[in-house]
Each structure stands twice: as C-alpha cells, then as structure tokens.
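FYI, the numbering just counts along the sequence from 1. Remember, it's 1-based here, ligands and their atoms both numbered in the order they're listed. Because the structure is predicted, anything quoted here is derived from the model rather than measured. All heavy atoms count here, side chains included; hydrogens, waters and symmetry mates do not.
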Amino acid sequence: MSKKIYLYGNWKMNNTFSETEKFFETFTPAYEPLKGDANLEVGIFAPFTSLWPLSQGAKKNGIVFGAQNVYYEAKGAFTGEISIPMLKEYDVTHIIIGHSERRHIFLESDEVIAKKVKAVLDAGMIPVFCYGETLEERESGNTFTVMERQLKSAIDSLTPEEVHKIIYAYEPVWAIGTGKTATPDQAEEVCAWSRKLIGDDGAVILYGGSVKGSNAKELLSMKDIDGALVGGASLKPASFLEIYTAYKG
Ligand code: 13P
C-alpha cells in the first residue's frame with residue numbers, strides 16, 4: 001500500500017475573507033476527484049480573519065484547517081494576541097507553531113515556541129511544529145546543531161504520546177519563498193535524522209520550501225517525507241492540488 005501524503009497549505013498573510021470564499025468556489029470542484037482518497041490528507045492554514053470562511057469551505061470538503069499561530073495563555077492582558085479557546089470556537093484542530101517567519105521576523109524564541117506547542121497539545125489540538133536552518137547555519141556546518149536545539153526544546157518535556165501527536169515540518173529557511181528547493185536527498189537526510197532524534201518511527205514529518213507540482217514527485221517519494229507544507233503554491237487550488245496529482249503520476 002502506498003503511504004499517506006499530507007498536503008498542507010500555509011497561506012501566510014494572504015487571502016482575505018472574501019478571497020477565501022472565492023478560493024473555495026474553485027477548490028471544491030477541483031478537489032472532488034481526490035475526495036475520498038484515503039492516502040491524502042489536505043489541510044489549509046489561513047490568517048485569523050479568514051478562519052470563518054475557511055472553516056465553512058473546509059467542512060464542506062472534509063479537509064483539515066487551522067491557524068498559523070496562537071498565544072499560549074488562555075486569556076488576559078496580551079494586546080493583539082489570539083488564544084486557543086478563541087480558535088476552538090471556530091472548530092480549529094491544527095495550529096502551525098514556530099514557523100521560520102515567526103522565529104526570524106517576530107523573534108519568537110525556542111522557549112516561547114515550546115510553551116505554545118505544550119498549550120496546543122494540552123487543549124487536545126495538533127501543533128504543526130516547524131523547524132529548520134538558515135543558509136548561514138547550513139554553510140557553517142551547523143544545520144544539525146541548530147535543528148537539534150529547535151526540536152529538543154519543543155519535545156524534551158513531553159510524553160511519548162504527545163511527541164507522537166505533533167506534526168513536524170522541516171522547512172530550511174533558505175528554501176522558503178526563494179524558488180530554491182532542497183534537493184530530495186538533502187530533505188530526506190534531515191527528515192530521516194529528525195525521525196531518529198524524535199525517537200518515533202511513526203512521527204509525521206513534512207518538508208516545506210518551494211514545493212510545487214514540478215518537484216513534488218521526487219520530494220514526496222522519499223522514504224522519510226510524509227508530505228509537504230506549501231506556501232506560495234497553496235494560494236491557488238490548481239497549483240496546490242497539482243502537487244498531489246504530480247506525486248501520484
Ligand atoms: P513556499 O512554499 O512559498 O516556499 O513557503 C514554504 C513555507 O514556508 C510553508 O510554511
């Protein structure tokens with residue numbers, strides 16, 4: 001039996017409320033032929049303000065949906081933040097945590113990210129935990145040291161059951177939005193190494209960084225890559241779903 005593929009789209013700061021409604025006008029018929037494929041799990045992660053139309057469209061199509069960030073406290077004086085109970089009322093089940101843009105542009109630390117991962121798990125939700133090295137870190141030979149720090153700080157205090165619930169996304173910073181994809185061997189090397197470090201053969205590990213139809217097959221065919229976290233190519237239904245159809249061939 002072929003493996004299950006996770007095709008997750010991270011819209012980042014794109015798609016307004018009305019653009020999200022429009023997205024589903026095209027997505028719903030395009031997804032129809034893939035609906036019911038037990039080897040495919042599609043998920044979309046939208047800005048907070050688009051979560052309502054996303055939830056409606058996602059429920060109609062039976063796909064996973066979620067947010068791109070959350071704060072770890074339940075409520076209080078945290079101006080500008082969104083809490084887990086707020087997202088629960090939208091039936092959100094999955095939340096991206098520790099995306100490289102959160103780490104590098106908004107300076108989220110490993111410590112804050114670890115608290116978010118724990119809070120999401122405590123709420124019975126699934127963190128899509130992102131990690132990955134910058135170009136400078138790769139070129140100076142520090143790829144694995146950096147990732148070990150990022151991964152360990154997030155999972156070290158968790159139970160094996162909690163560690164298993166997390167969906168991991170290896171996203172090399174130099175491959176995000178640059179059109180420069182990691183080679184299948186580079187991505188596989190890190191994902192296989194991550195699986196060992198995580199200590200869970202059944203961990204779900206995605207690759208993210210300039211994934212598109214033209215490179216999907218070779219990346220998703222790698223043994224330790226369970227799917228893709230897609231940025232740019234997820235904004236249009238055709239380029240998003242093409243990633244899976246190209247993989248299936
Ligand atoms: P791109 O697919 O646009 O490179 O983005 C990857 C990413 O950051 C997904 O979270």
Side-chain angles (χ1 to χ4, degrees), residues 5-15 19-20 23 27 41-48 50-51 54 58 63-70 92-108 113 116-117 120 126-135 137-138 143 146-147 150-151 154 166-184 186-188 190-191 194 204-220 222 225-247:
I5 293 289
Y6 293 76
L7 178 62
Y8 280 7
N10 172 14
W11 283 354
K12 309 192 178 185
M13 200 173 73
N14 296 290
N15 283 342
E19 286 165 350
T20 302
F23 175 93
F27 178 89
E41 178 172 308
V42 172
I44 295 179
F45 297 79
F48 295 126
S50 299
L51 281 177
L54 172 65
I63 65 168
V64 165
F65 65 96
Q68 302 167 6
N69 184 27
V70 76
V92 163
T93 49
H94 291 55
I95 308 177
I96 295 177
I97 302 291
H99 190 275
S100 75
E101 286 142 24
R102 300 297 321 169
R103 293 177 187 267
H104 297 288
I105 304 174
F106 302 102
L107 307 180
E108 283 190 17
I113 291 165
K116 292 183 174 190
V117 167
V120 171
I126 299 175
V128 179
F129 170 76
C130 302
Y131 63 101
E133 82 287 6
T134 62
L135 185 60
E137 288 160 349
R138 176 165 279 264
T143 300
V146 168
M147 287 190 305
Q150 293 175 341
L151 274 164
I166 297 173
I167 293 178
Y168 300 84
Y170 167 53
E171 300 206 308
V173 180
W174 48 273
I176 295 176
T178 57
K180 194 177 167 193
T181 326
T183 65
Q186 278 174 327
E188 169 64 16
V190 173
C191 292
S194 305
V204 174
I205 307 176
L206 317 182
Y207 165 77
S210 299
V211 179
K212 44 188 181 287
S214 56
N215 56 30
K217 193 172 178 71
E218 30 174 19
L219 282 165
L220 297 179
M222 302 308 284
I225 300 178
D226 298 304
L229 184 55
V230 185
S234 73
L235 295 175
K236 294 270 181 296
S239 51
F240 185 40
L241 295 174
E242 186 198 351
I243 291 169
Y244 185 66
T245 47
Y247 160 73

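- Listed here is the closest heavy atom pair of Thr143 and Arg138: OG1-CA, 3.2 Å.
- For ligand 1, the polar-atom distance check against Thr178 finds no nitrogen or oxygen pair separated by under 3.5 Å.
- Between Gly177 and ligand 1, at least one N/O pair is under 3.5 Å apart.
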Cut-off 3.5 Å, no hydrogens considered: what does the side-chain donor-acceptor table look like for residues 93-100, sequence neighbours left out?
| from | atom 1 | to | atom 2 | distance (Å) |
| --- | --- | --- | --- | --- |
| His99 | ND1 | Glu101 | N | 2.9 |
| His99 | NE2 | Glu171 | OE1 | 3.0 |

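- Tyr207 places a side-chain N or O within 3.5 Å of a backbone atom of Ala182 that can act as its donor or acceptor partner.
- In this structure, atom 9 (C) of ligand 1 lies nearest to the protein heavy atom Glu171 OE2, 2.9 Å.
- Protein heavy atom nearest atom 3 (O) of ligand 1, with residue, atom name and distance: Gly232 N, 2.8 Å.
- Taking Phe23 as the reference, Trp11, Phe27 meet the ring-ring contact (aromatic ring centres under 6.0 Å, His included) condition, with sequence neighbours excluded.
- Residue Gly209 has no N or O atom closer than 3.5 Å to an N or O atom of ligand 1.
- The proximity of Ala175 to ligand 1, defined as any non-hydrogen pair under 4.0 Å, is limited to the backbone.
- The protein non-hydrogen atom at the shortest distance from atom 5 (O) of ligand 1 is Lys12 NZ, 3.2 Å.
- The single protein non-hydrogen atom nearest to atom 2 (O) of ligand 1 is Gly231 N, 2.9 Å, given as residue, atom name and distance.
- Atoms of ligand 1 lying under 4.0 Å from any heavy atom of Ser210, numbered from 1 in the order shown and given with element: 1 (P), 2 (O), 4 (O).
- Gly209 and Thr181 make their closest contact through O-CG2, 3.4 Å (heavy atoms, listed as atom of the first residue, atom of the second, distance).
- When all heavy atoms of Ala233 and Ile243 are compared, the closest pair comes out as CB-CD1, 4.2 Å.
- When every heavy atom of Asn10 is checked against every heavy atom of Leu229, the shortest pair comes out as CB-CD1, 4.1 Å.
- At a heavy-atom distance under 4.0 Å, only side-chain atoms of Asn10, from C-beta outward, approach ligand 1.
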